[in-house]
Amino acid sequence: MSQMRGRIPEAGLICSRRIRKLFGEPKGRALSDVTSFRSWVFATIFHYPTYLLPGSPIASGRRDRHALLLLPDYIKRRFKLKVRVLEKGLERDEDVSPIERGHTTGLSLNNDRLYKLTYSTEVFLDRGKGNLQDSVGYRISSNVDVALLWRSPDGDDNQLIQITMKDVNLENVNQQRGEKSIFKGKKSSQIIRKENLEAMQRPVLLHLIHGKIKEFYSYQNEPAAIENLKRGLASLFQMQLSSGTTNEVDISGDCKVTYQAHQDKVTKIKALDSCKIERAGFTTPHQVLGVTSKATSVTTYKIEDSFVVAVLSEEIRALRLNFLQSIAGKIVSRQKLELKTTEASVRLKPGKQVAAIIKAVDSKYTAIPIVGQVFQSKCKGCPSLSEHWQSIRKHLQPDNLSKAEAVRSFLAFIKHLRTAKKEEILQILKAENKEVLPQLVDAVTSAQTPDSLDAILDFLDFKSTESVILQERFLYACAFASHPDEELLRALISKFKGSFGSNDIRESVMIIIGALVRKLCQNQGCKLKGVIEAKKLILGGLEKAEKKEDIVMYLLALKNARLPEGIPLLLKYTETGEGPISHLAATTLQRYDVPFITDEVKKTMNRIYHQNRKIHEKTVRTTAAAIILKNNPSYMEVKNILLSIGELPKEMNKYMLSIVQDILRFETPASKMVRQVLKEMVAHNYDRFSKSGSSSAYTGYVERTSHSASTYSLDILYSGSGILRRSNLNIFQYIEKTPLHGIQVVIEAQGLEALIAATPDEGEENLDSYAGLSALLFDVQLRPVTFFNGYSDLMSKMLSASSDPMSVVKGLLLLIDHSQELQLQSGLKANMDVQGGLAIDITGAMEFSLWYRESKTRVKNRVSVLITGGITVDSSFVKAGLEIGAETEAGLEFISTVQFSQYPFLVCLQMDKEDVPYRQFETKYERLSTGRGYVSRKRKESLIGGCEFPLHQENSDMCKVVFAPQPESSSSGWF
């Protein structure tokens with residue numbers, strides 16, 4: 001007792017400072033000297049009545065009562081029973097957590113004790129449903145020794161601890177694997193390998209201050225994967241014993257964490273999305289084509305005597321594709337740490353500086369980051385880039401592009417290209433023949449690496465007219481790039497400023513520059529120097545353009561870029577431009593989002609529709625009306641449009657009436673306002689709603705679920721003479737309220753009235769004969785295709801024409817591209833990848849026969865689609881993986897048939913979908929670095945029957961007349 005009495009003054013000075021620092025001065029009486037502190041300690045421990053006197057530290061409020069909790073451990077251990085009695089009194093009075101009563105910062109190890117624990121980390125991979133025991137994965141377990149090497153004489157919360165893993169073992173997480181277990185008959189030392197096992201069992205040092213990791217010490221040049229496993233274990237010892245939110249640096253990076261302390265338990269919730277750590281990765285920014293990923297981390301500590309009795313940590317990483325939720329996967333990673341026993345250990349090392357202590361333990365120790373480090377597992381027996389290409393090139397022959405295997409080969413080769421050097425890529429490009437070269441160009445461009453971009457730019461000669469197809473395929477692949485960067489945009493700007501062998505390629509380059517500007521701006525890249533330069537190029541070019549071809553080119557670029565700064569120019573060209581230019585400017589405005597269609601824009605559209613200043617073509621007027629009705633129309637705007645029906649040219653009357661009826665039937669946002677206006681008899685009467693004609697508009701669902709929908713719409717406008725003026729086919733995909741304009745195919749014709757000696761409509765008397773096709777694919781406007789331009793061109797093609805289709809777009813596209821490299825807090829490395837590609841072939845044809853007095857337009861879309869998702873968890877010596885996918889081949893054909901042998905003309909519209917095979921597959925595997933593995937495969941196939949999409953009833957009635965069955969002849973003779 002006398003010895004302890006001699007130590008109390010020193011403790012009193014230390015604790016007095018700490019009380020003042022953490023809790024402020026006690027009310028009524030400060031602990032200003034050793035005597036008052038000694039009186040307080042003994043009064044409280046032995047229940048001396050003074051602890052209840054007014055003004056005493058214990059009775060002076062909650063903050064001062066907490067001063068008792070800061071008693072040195074040796075005092076509390078010496079008078080263990082008495083302190084507990086007093087503390088229970090406090091607990092009843094103030095409900096103070098036992099954790100707060102034991103220690104106020106972090107874990108604290110007792111002197112001269114060796115803590116013996118068991119540790120395991122396990123990982124499960126599955127599709128996010130079902131029993132975890134059906135998953136693939138593995139478990140790494142070991143014994144762990146933890147000892148306190150040093151404690152600072154200036155405070156108990158400054159500690160240096162040693163952590164040592166021993167007796168490492170590997171096993172399956174699925175206990176039902178039995179004879180198929182990849183670990184059966186294998187010793188852990190054989191799997192992990194001797195040098196890795198030795199590194200894993202070398203101890204690490206952890207410097208903790210107030211429970212937080214100050215430094216992590218290990219040996220240099222250890223394998224990164226092994227060090228990460230030790231980092232994962234060491235990170236479990238970082239915690240605090242009080243509730244609150246803070247930032248911590250551990251193996252996951254610099255993360256926001258929240259602690260919840262209660263009784264003898266602490267829960268630590270790590271916001272993994274907040275973690276700052278350098279890892280490779282990219283994603284498709286569009287919500288429809290993108291993925292949704294979720295990450296959670298919860299660690300529960302059970303505490304006794306300021307040290308852990310048990311730790312359970314669970315980290316979950318989940319991923320799913322937004323528009324196809326069967327492409328989903330989940331990683332569940334768990335860590336368990338349990339105290340088994342304690343025993344005597346070496347005495348603490350004396351000293352004030354931790355650096356000197358570490359040097360005394362082992363001078364080879366060095367401070368390294370606690371944050372997980374990147375490592376790559378070597379691929380044994382993997383083919384070279386050239387060997388890989390030779391093995392798949394047969395699947396990329398032109399005749400095989402309609403098969404899903406072509407897309408599979410395309411996606412696999414892209415992954416390999418992303419690790420290849422420029423020289424390797426160039427060598428393959430230069431050696432390939434003309435048939436397969438376009439598909440190779442698609443793949444190289446879609447790889448989107450600096451080496452692949454340099455290689456393709458060196459290979460292509462934009463001054464040549466012989467490689468126009470390759471140049472166009474390169475540009476289309478750029479347009480659909482999943483994560484373009486500024487360097488790609490700069491490369492195209494540089495090419496545009498150079499010379500071209502083909503003017504079509506020059507136009508395509510500018511159009512694609514607009515698409516890249518849009519994608520970079522969507523990814524917060526609007527302020528990049530390259531984007532700013534591209535904006536000036538588009539807007540400046542449009543403002544200064546004099547040639548019709550240049551105006552069209554810059555308008556198409558602006559249609560892709562959708563720059564708010566370009567709206568004044570678009571209004572100018574829409575209202576004052578001639579014919580096709582005015583229509584193109586209007587359709588460009590139509591693509592802008594609602595916030596950009598201001599009152600000024602709508603005033604201009606109203607002037608155009610109602611022809612307040614000049615006469616406009618029907619195509620321009622109907623587009624202006626569509627813009628008004630799509631963007632929160634006012635009561636008077638809707639009323640004026642409805643009142644105009646009946647005063648318009650015949651076919652335009654019918655078209656606008658169909659648009660209004662479609663709005664009401666499909667419940668678009670404008671439908672409420674239209675219904676309000678229709679309550680007025682002047683707007684809603686038989687005379688107005690009984691207009692006849694062939695023009696039409698219809699919208700329907702391809703598919704509809706609780707969170708997504710796919711819609712199709714078809715509107716067709718005829719001239720007063722019954723000749724096709726414009727047909728517009730659209731397919732949209734929605735995820736909740738976010739749309740993706742999947743396909744738009746517009747066929748336009750003008751100036752064809754002379755062929756049947758008909759009178760052109762008002763405002764269209766001077767239009768040249770023209771027919772062409774414009775396509776938009778996955779939100780990217782492509783360069784339009786011309787069937788004929790001018791009367792002489794029309795006549796020559798009519799006399800020599802065949803019904804062969806004209807290609808609008810053909811190629812392999814990478815649409816979905818998501819890659820994540822994850823650092824699991826257990827120390828394991830995970831990768832999550834989703835890729836989606838398609839082979840597409842859109843063709844258009846227009847047949848015109850004066851002999852049969854019939855015209856027919858065909859638009860055919862053929863696609864092969866493959867979507868794959870992959871998840872792997874790698875420790876460098878064992879790997880588990882999950883691969884999921886879906887594939888299909890589909891065809892959609894739109895046919896418009898017009899018979900003008902009688903008046904009014906007979907018009908039949910058809911939209912046919914072919915039978916669609918749909919295949920799903922799942923592969924799970926576990927594999928050792930030595931080559932031994934386990935694989936489980938599942939496959940499911942189904943056939944979705946073809947159909948003809950329904951349009952309006954009038955069209956169905958007309959088709960029955962056009963394709964009426966021919967009467968059978970009763971005569972069996974020649975005449």
Side-chain angles (χ1 to χ4, degrees), residues 123 125 128 224-225 228 231-232 249-256 270-297 315-322 327-331 333 369 371-377 379 411-412 414-420 446-453 480-488 519-520 522-525 528 814-837 867-876 879-884:
V123 63
L125 280 74
N228 281 350
R231 287 184 175 100
V249 178
D250 64 7
I251 186 168
S252 304
D254 188 346
C255 309
K256 180 181 178 182
K270 187 189 300 182
L272 292 172
D273 292 338
S274 71
C275 294
K276 297 174 184 176
I277 183 171
E278 290 187 11
R279 285 294 183 271
F282 46 80
T283 191
T284 304
H286 200 288
Q287 183 182 351
V288 175
L289 296 175
V291 303
T292 296
S293 56
K294 293 182 179 180
T296 60
S297 170
E315 177 181 13
I316 299 176
R317 303 274 190 163
L319 172 142
R320 63 174 171 80
L321 185 61
N322 289 336
I327 305 296
K330 183 171 75 172
I331 300 171
S333 175
V371 178
Q373 301 300 297
V374 177
F375 72 91
Q376 296 294 336
S377 295
C379 183
L411 295 179
I414 286 174
K415 287 185 178 180
H416 204 152
L417 282 166
R418 285 176 171 165
T419 62
S446 299
Q448 301 173 70
T449 65
D451 283 282
S452 65
L453 179 60
F480 299 111
S482 55
H483 52 281
D485 59 13
E486 187 182 7
E487 290 306 311
L488 176 59
K519 290 194 173 186
L520 287 168
Q522 284 178 325
N523 211 18
Q524 288 79 46
L528 295 172
L814 176 66
L815 287 181
I816 301 167
D817 199 12
H818 175 90
S819 179
Q820 264 181 294
E821 185 175 314
L822 305 172
Q823 177 61 66
L824 301 183
Q825 60 193 27
S826 63
L828 300 172
K829 183 187 80 166
N831 288 83
M832 287 184 162
D833 300 297
V834 180
Q835 279 190 311
I867 300 171
T868 62
I871 300 176
T872 60
V873 178
D874 193 1
S875 67
S876 78
K879 185 176 184 178
L882 167 68
E883 294 176 0
I884 43 183

note = Note: Ile251 and Gly232 closest approach over all heavy atoms is CD1-N, 3.5 Å
ask   = With sequence neighbours excluded, what pairs up with Glu486 under the salt bridge (charged side-chain N to carboxylate O under 4.0 Å, His left out) test?
value = Arg490
query = For Ala295, does its backbone N or O pair with a side-chain atom of Asp273 as donor and acceptor, under 3.5 Å?
reply = no
task = Write down the atom of Leu272, the atom of Ser252, and the distance for their closest heavy-atom approach.
result = CD2-OG, 4.4 Å
ask   = How would you list, by chain and number, every residue that makes a side-chain hydrogen bond (donor to acceptor under 3.5 Å, both in side chains) with Thr449, sequence neighbours excluded?
value = Ser452
key: Partner set under side chain to side chain contact (heavy atoms under 4.5 Å, CB included) for Thr292, not counting sequence neighbours   = Arg320, Asn322
task = Indicate the atoms forming the closest heavy-atom contact of Leu125 with Gly881, along with that distance.
result = CD2-CA, 3.8 Å
request  = Please name all residues satisfying ring pair (Phe, Tyr, Trp, His ring centres under 6.0 Å) with His286, sequence neighbours left out, ordered by chain then number.
outcome  = none
Sub-4.5 Å side-chain heavy-atom contact between Ile871 and Arg317 = no
message = Contact between Gln823 and Val371 at the side-chain level, heavy atoms closer than 4.5 Å - yes or no?
response = no
task = Please report the shortest heavy-atom distance between Val873 and Ala830, naming the atom on each side.
result = CG2-CB, 4.1 Å
request  = Identify, with sequence neighbours excluded, every residue that meets side chain to side chain contact (heavy atoms under 4.5 Å, CB included) alongside Ser274.
outcome  = Cys255, Lys256, Ala271
request  = Give, for atom CG of Leu453 and atom CG of Asp485, the distance between the pair rounded to the nearest 0.5 Å.
outcome  = 7.5 Å
message = For Leu814 versus Ser482, what's the shortest heavy-atom pair and its separation?
response = CD2-OG, 4.3 Å
message = Please enumerate all residues that pass salt bridge (charged side-chain N to carboxylate O under 4.0 Å, His left out) together with Lys829, with sequence neighbours excluded.
response = none
Under the side-chain hydrogen bond (donor to acceptor under 3.5 Å, both in side chains) test, residues paired with Asp250 that sit two or more places apart = Lys270
inquiry  = Suppose we screen for side chain to side chain contact (heavy atoms under 4.5 Å, CB included). Which residues come up paired with Gln820, at least two apart in sequence or across chains?
reply    = Ser293, Leu319, His818, Leu822, Met832
request  = Just jot down the side-chain hydrogen bond (donor to acceptor under 3.5 Å, both in side chains) partners of Ser333, sequence neighbours excluded, or say none.
outcome  = Ser826
request  = Please name all residues satisfying ring pair (Phe, Tyr, Trp, His ring centres under 6.0 Å) with Phe282, sequence neighbours left out, ordered by chain then number.
outcome  = His483
ask   = Hey, is the main chain of Leu520 close enough, under 3.5 Å, to the side chain of Gln522 for a donor-acceptor pair?
value = no
For Ile316, all residues meeting side chain to side chain contact (heavy atoms under 4.5 Å, CB included), sequence neighbours excluded = Thr296, Glu314, Lys330, Val332
Set of side-chain hydrogen bond (donor to acceptor under 3.5 Å, both in side chains) partners for Asp833, sequence neighbours left out = Ser819
request  = Could you tell me whether the side chain of Asn228 and the main chain of Arg231 form a donor-acceptor pair under 3.5 Å?
outcome  = no
query = Where is the tightest heavy-atom contact between Leu289 and Leu815, given as atom of each residue plus distance?
reply = CD1-O, 4.0 Å
